[in-house]
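What follows is a short report on a single structure.
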Amino acid sequence: SDVKKNWSESLWMQTLCSLRLLRPQARFAILGAPFERDALLQLAAECEKRKLNCDLALCSISGAFSLLKRASLLVTGD
């Protein structure tokens, strides 16, 4: 992962909060590789504080693909 391309936690939170306004019942999956664990745990904790319906999935590319096949929308910082 190229750190300079990564969105900040505040940008992710703004995006998730905006999406929740549009779809209050939406569930969000925060996907990432195992090496991104610490940053994603922090993001997941912030989601919990804000009562966002988020699940954390640290997975391989094939695991991510499996989850994304069921998704209605993909938002990526890449």
Side-chain angles (χ1 to χ4, degrees):
S1 180
D2 188 348
V3 175
K4 70 178 180 274
K5 292 190 328 181
N6 290 350
W7 281 11
S8 67
E9 181 180 315
S10 64
L11 283 175
W12 278 114
M13 291 311 304
Q14 288 175 24
T15 301
L16 292 171
C17 288
S18 294
L19 289 169
R20 179 178 57 182
L21 290 173
L22 295 172
R23 300 275 180 138
Q25 302 305 318
R27 290 186 64 110
F28 301 103
I30 301 170
L31 304 180
F35 71 88
E36 299 172 299
R37 183 179 194 273
D38 292 342
L40 296 180
L41 283 171
Q42 192 171 334
L43 181 61
E46 187 61 31
C47 287
E48 188 173 335
K49 284 183 200 172
R50 296 182 189 218
K51 307 290 189 220
L52 289 166
N53 193 2
C54 294
D55 297 309
L56 178 59
L58 299 173
C59 51
S60 65
I61 191 72
S62 60
F65 179 70
S66 177
L67 290 170
L68 292 171
K69 287 193 305 187
R70 295 182 279 157
S72 299
L73 173 69
L74 168 65
V75 179
T76 177
D78 285 340

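FYI, side chains are in, hydrogens and waters are out, and symmetry mates aren't considered; it's all heavy atoms of this structure.
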**Asked** Shortest non-hydrogen contact from Leu52 to Phe28?
**Response** CD2-CE1, 4.4 Å
**Item:** CD/Glu48: more than 12 non-hydrogen atoms of other groups inside 6.0 Å
**Value:** no
**Asked** For the atom pair CZ (Arg50) and CE (Met13), what is the distance rounded to the nearest 0.5 Å?
**Response** 4.0 Å
**Message:** Could you check whether atom CD1 of Ile61 has more than 12 heavy atoms from other residues, nucleotides or ligands sitting under 6.0 Å from it?
**Reply:** no
**Message:** Which heavy atom of Leu31 sits nearest to which heavy atom of Cys59, and what is that distance?
**Reply:** CD2-SG, 4.5 Å
**Prompt:** What is the minimum heavy-atom distance between Cys47 and Leu16, and which atoms define it?
**Reply:** SG-CD1, 3.7 Å
**Asked** Looking at CG of Leu58 and CG of Leu41, how far apart are the two atoms once the value is rounded to the nearest 0.5 Å?
**Response** 6.5 Å
**Request:** Any chance you could measure Ser8, atom OG, to Gln14, atom CD, to the nearest 0.5 Å?
**Result:** 7.0 Å
**Request:** Is it possible for you to say whether Leu56 and Leu67 belong to one hydrophobic cluster, with membership spreading through side-chain heavy-atom contacts below 4.5 Å?
**Result:** no
**Prompt:** Looking only at heavy atoms, which two atoms of Gly32 and Leu40 are closest? And how far apart?
**Reply:** CA-CD1, 3.4 Å
**Asked** Do Leu43 and Trp7 come close enough that some side-chain heavy atom pair is under 4.5 Å?
**Response** no
**Asked** Any idea which heavy atoms bring Arg20 and Lys51 closest together, and the distance?
**Response** NH1-O, 3.5 Å
**Prompt:** Are Leu74 and Trp12 joined in one hydrophobic group, where the rule is that I, L, V, M, F, W and Y side chains link up if heavy atoms are under 4.5 Å apart?
**Reply:** no
